[in-house]
Amino acid sequence: MSSVPLLPPPDDDPLLAGLNPQQREAVLYRGQSLLIVAGAGSGKTSVLTRRIAGLLKWREAWPSQILAITFTNKAAAEMRERVRALVGDESDGMWISTFHSACVRILRRQAEAMGMKQSFTIYDTADSRALMKRIIKELDADTIGFTVGGALGRISRLKNELTDVDGFARNANMSDPKEAVLLEIFRQYTAALRRANALDFDDIIAETVYLFRAFPEVAALYQRRFRHVLVDEYQDTNHAQYALVRELTRAPVAVPGQSAFDGASLTVVGDSDQSIYAFRGADIRNIVEFERDFPNSKVILLEQNYRSTQNILDAANSVIANNFDRKAKNLFTVVGSGDKIIGYTGYSGHDEAQFVADEIEKLRDAGSSYNDIAVFVRTNSQTRPLEEIFIRSAIPYRIPGGTKFYERAEVKDAFGYLIQVANPDDDLALRRIMNVPKRGIGPATEAAMQAMAERQGVPLREVLRDAASLGLGPKVTAAITDLGELLDEVAATVATAAPHDILTALLTRSGLHAALKNSGDPQDEARAENLEELVSQAKEFRVQNPEGTLVDFLTNVALFSAADEIDDHDGSVSIMTLHTAKGLEYDSVFLTGLEEDLLPHRMSVNETGGIAEERRLFYVGITRARKRLFVSLATSRASFGDVAVSMPSRYLAEIPGELIEWRDSGGSGFRSGFRGVRAAPMRESYGQLPPAPRQKTEWTTPITAKVRDNGDLTLAVGDRIRHTDFGEGRVSAVTGVGPKTVAEVQFETAGRKRLLVKIAPIEKL
DNA sequence: CCGATGCCGTACATG
DNA sequence: ACGGCATCGG
């Protein structure tokens, strides 16, 4: 493939329409390696899609020669659609996916070469933890200070650095007993995964690199195939991902009699100011040293911002300027200064949440859609007060990544069955379901089975087929045999049956669904519904992927991420962590919990580079906003059951004061510190003080934790009510039906509020 | 083997 | 505050 376009695109080619000179160059540049430094909101997705579309449209590449790596599955799907919109069916056959999805695809194809079966299981964090727990217990490693999380963290870092067990054995300091034990833990963990025909998340990348290095002819298949490799969010790649990119873009080994291939062209897009994944091994040097790593590379800087107002950009610029070891970059826009940033200091997380809810309602009244509003938090625990207030205020919301649907016990149980059908070597999955639903196989029985499996060197599943040899009672023997038969019979259908049919068969025949359905416990009823929901999801998967096998379904679920859950059109406000927010944008953004110990997080302040990394997180949050930015904090916050005083985040003081309009005490957020608790006047709309004077403790958590139920309370326009926080008011409108009935109430002191009648802490007067 | 009780760690971010 | 899980009694 020539490095010059075969047919130079005409200047008026619609693919180039509306691009600024730098963007245009980023679309058209042809060479071995290109770094696009894309500031926040600089139109990089547009550039990336047009670059790919150009390669196709101008006949420089076939779709199958393109590999584009995005940060999320959702971003991949969107990029695919956008390229398709530009060039149509010509785009079929491209690989656009995340690192993990691309690697799993390669590994399943090449499973034999790497000594695994095609049906390998992908362990999620909980699976890895369960396995590690057994190993640490077995080795008594907890007595010398090993924890499950600690050991997994060490191993994860080793894998991200492409250090395998042998490599670690060579380099570890064996005179240190802890290192020696860690080696043994690493060895056993690796062996257990192998035996189970399973990989953890880190293995997915590392094993692909090992595969390519061990089998140059396998690597060459992909090196010849992919002529253009593009990587988005390059600042958040770790060493293993970097090595993978190097392998993919290396010139393939020459094959006698065949023409030689150059290495593929590489385009990376990123912004070191948005690097926020150091904790999982992301190495900012990958992007900072790109020019050194890839000689003769071209660097194009995109600084014009098409997303935010100048006020928002000014705030972002002045915050990030405090990170000293960065290349100067200044975002600018031509849209004008826009609204000021709104600041609010609340008394508690609930007070802060009430501010957010009230502002959201104002935005809504002014014509905003809930979809265009997002609330960002640093930690997942911050979502709780927001949820409580949103429910009470009848604000529809979603928490991408917060549902944890796939982490529910009953859902994991269902997956235990599915995995055992797909991958009988996976002992962990079998142990999970051995006695679920209860079938009389207790720990003692399980230990006997485990011992037999180990004696014979077979997977636990084999023992199910020969239960009689265990010499146990007739009842338990029959239970074991039945389970084995169930799994074997369903497994026999796996080649032809759709995932949802396999799932239904397992749920029905195991009695798992019926056990929950018939238990009489309302919580079990909800669990049964979750299983039904899972069946629906499996059906939906089959609709989206008519050829999708059970293994495909399991892969899909394993690699499903928080950001993939975001639905831009479902009419709800999104509450998410700052990490999940990366790459997204909203008209209105609420940055909450801007407090010391939260942002920067207390765990980060002692880490090298921690303060700078947290500042980037703040920067990412600010730059998500298009038109309106709200920053808020609370002077006290509940954690672990009690309440702690909190101080404003140091980063707030890095925003020029004139850009922020504080809605509370009138001072800056920085000065309003915890002195402000007493100094601030109790504003009618946000202060939680009800009409009568109250004790100090009562303004911290005015919300009843348990959900109220007003039953069939009905309200009509004109009714007078009393609310525990807002006082007395008059109903001005009623909308919605049944449990979703919403009353709009004009309170005497607290202003107008929308309340979900069923659960609001109100009484009719 | 199963359910009840009480204690302990949890919660920094994620594929 | 809450759930997971270890320990105990039935």
Side-chain angles (χ1 to χ4, degrees), chain A residues 69-76 97-104 122-130 133 137 147-149 152-153 156 159-160 199-206 233 236-238 240-241 275-282 376-385 400-402 404 406-407 409 435 437-446 472-473 475-476 479 523 555-565 576-582 593 597-607 610 613-614 616-618 620-621 637-644 701 705-706:
Chain A
I69 301 292
T70 59
F71 204 69
T72 64
N73 298 299
K74 181 162 180 273
S97 71
T98 63
F99 271 113
H100 286 85
S101 295
C103 288
V104 167
I122 299 165
Y123 276 13
D124 66 17
T125 312
D127 299 327
S128 295
R129 290 188 68 92
K133 201 173 163 187
K137 204 169 180 181
T147 61
V148 171
L152 283 172
S156 175
K159 288 180 177 183
N160 287 334
L199 298 175
D200 68 18
F201 283 131
D202 300 315
D203 287 332
I204 290 171
I205 312 293
E233 307 285 7
D236 279 323
T237 49
N238 61 32
Q241 291 165 331
S275 168
I276 55 172
Y277 278 98
F279 73 91
R280 65 174 201 205
F376 298 156
V377 294
R378 175 65 178 84
T379 70
N380 285 308
S381 61
Q382 286 170 254
T383 60
R384 194 176 278 193
K404 310 270 186 223
Y406 296 109
E407 291 169 28
N435 201 28
K438 298 263 186 284
R439 47 171 74 89
I441 309 177
T445 309
E446 190 193 305
L472 300 165
K475 223 170 161 179
V476 71
Q523 290 207 321
T555 304
N556 211 272
V557 170
L559 299 183
F560 189 76
S561 75
D564 298 333
E565 268 181 66
M576 68 186 87
T577 65
L578 286 163
H579 284 90
T580 304
K582 189 174 79 155
D597 291 349
L598 217 41
L599 191 79
H601 194 272
R602 73 167 67 229
M603 306 295 287
S604 72
V605 293
N606 293 320
E607 290 164 14
E613 171 109 347
E614 298 282 303
R616 288 193 291 270
L617 208 41
F618 187 39
V620 165
R637 196 168 286 276
S639 79
F640 294 126
D642 45 24
V643 177
T701 325
K706 64 171 192 278

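Note on naming: letters A, B, ... go to the chains in the order of the sequence lines (proteins, then strands), and numbering restarts at 1 for each one.
- A stacking contact links A:Phe279 to B:dA13: the aromatic ring centre lies within less than 5.5 Å of the base's six-membered ring centre, and the planes differ by less than 30°.
- With sequence neighbours left out, A:Asp564 forms a salt bridge (charged side-chain N to carboxylate O under 4.0 Å, His left out) with no residue at all.
- A:Ile205 comes within 4.0 angstrom of nothing in the nucleic acid, heavy atoms only.
- A:Lys133 has a side-chain polar atom (N or O) that falls below the 4.0 Å cut-off from OP1 or OP2 of C:dC5.
- Considering only heavy atoms from C-beta on, A:Leu578 comes within 4.5 Å of A:Leu599 through its side chain.
- Within the 4.0 Å cut-off from OP1 or OP2 of B:dT14, at least one side-chain nitrogen or oxygen of A:Thr577 is found.
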Where do A:Ile204 and A:Leu559 land on the side chain to side chain contact (heavy atoms under 4.5 Å, CB included) test, with the steps shown first?
-> CA-CA 11 Å; A:Ile204 290 171; A:Leu559 299 183; 4.2 Å; yes
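- Looking at A:Asp597, its side chain never comes within 3.5 Å of a backbone N or O of A:His601 through a donor-acceptor pair.
- Relative to the side chain of A:Arg384, the nucleotides B:dC1, B:dG15, C:dC2 differ in distance, and C:dC2 lies closest.
- Contact of A:Glu607 with B:dC12 (side chain to base): a donor-acceptor pair of N or O atoms is detected under 3.5 Å.
- For A:Leu617 and A:Arg439, each mapped to the nucleotide of DNA chain B holding its nearest heavy atom, the one lying further toward the 5' end belongs to A:Arg439.
- Judged by distance alone, with hydrogens and angles left aside, A:Asp124 brings no side-chain donor or acceptor close enough to the base of B:dG15 to form a pair under 3.5 Å.
- In this structure, of B:dT14, B:dG3, B:dC12, it is B:dC12 that holds the atom nearest to the side chain of A:His601.
- Between A:Thr445 and B:dC1 there is a side-chain N or O to OP1 or OP2 distance below 4.0 Å.
- Residue contacts for A:Arg602: at a heavy-atom cut-off of 4.0 Å it reaches no nucleic acid atom on any strand shown.
- A straight line from NZ of A:Lys582 to C1' of B:dT14 spans 11 Å, rounded to a whole angstrom.
- Rounded to an integer number of Å, the gap from CG of A:Asp642 to C1' of B:dA11 is 13 Å.
- Between A:Asn606 atom CG and B:dC12 atom C1' there is a gap of 14 Å when expressed in whole angstrom units.
- Projected onto DNA chain B by closest heavy-atom contact, A:Ala444 and A:Ser561 fall at different nucleotides, the more 5' of which corresponds to A:Ala444.
- At a threshold of 4.0 angstrom between heavy atoms, the contacts of A:Tyr277 are confined to the sugar-phosphate backbone, with no base atom among them.
- The side chain of A:His579 lies closest to B:dA13, out of B:dA13, B:dA11, B:dG15.
- Comparing atom distances between the A:Thr379 side chain and each of B:dT14, B:dA11, B:dC12 picks out B:dC12 as nearest.
- For A:Asn380, a side-chain nitrogen or oxygen approaches OP1 or OP2 of B:dT14 to under 4.0 Å.
- For A:Phe279 and A:His579, the ring centers are positioned less than 6.0 Å apart.
- The nearest whole Å value for the distance from the CE atom in A:Met603 to the C1' atom in B:dA11 is 9 Å.
- Put simply, CG on A:Leu599 is 14 Å from P on B:dC12, counting in whole angstrom units.
- Under the 30°/60° scheme for interplanar angles, the aromatic rings of A:Phe71 and A:Tyr277 are found to be tilted.
- The shortest side-chain heavy-atom distance between A:Ile122 and A:His100 does not fall under the 4.5 Å cut-off.
- B:dG15 atom P lies 7 Å from atom CZ of A:Phe71, rounded to whole Å.
- Checking B:dC2, B:dC12, B:dG15 against the side-chain heavy atoms of A:Asn435 singles out B:dC2 as nearest.
- Remark: A:Thr580 is in phosphate contact with B:dT14, judged by side-chain N or O atoms under 4.0 Å from OP1 or OP2.
- Whole-Å rounding puts the A:Gln241 CD to B:dT14 P distance at 16 Å.
- Where stacking is scored as ring centres under 5.5 Å apart with planes under 30°, A:Phe640 registers as stacked on the base of B:dA11.
- The CZ atom of A:Arg637 sits 17 Å away from the P atom of B:dA11 (whole-angstrom rounding).
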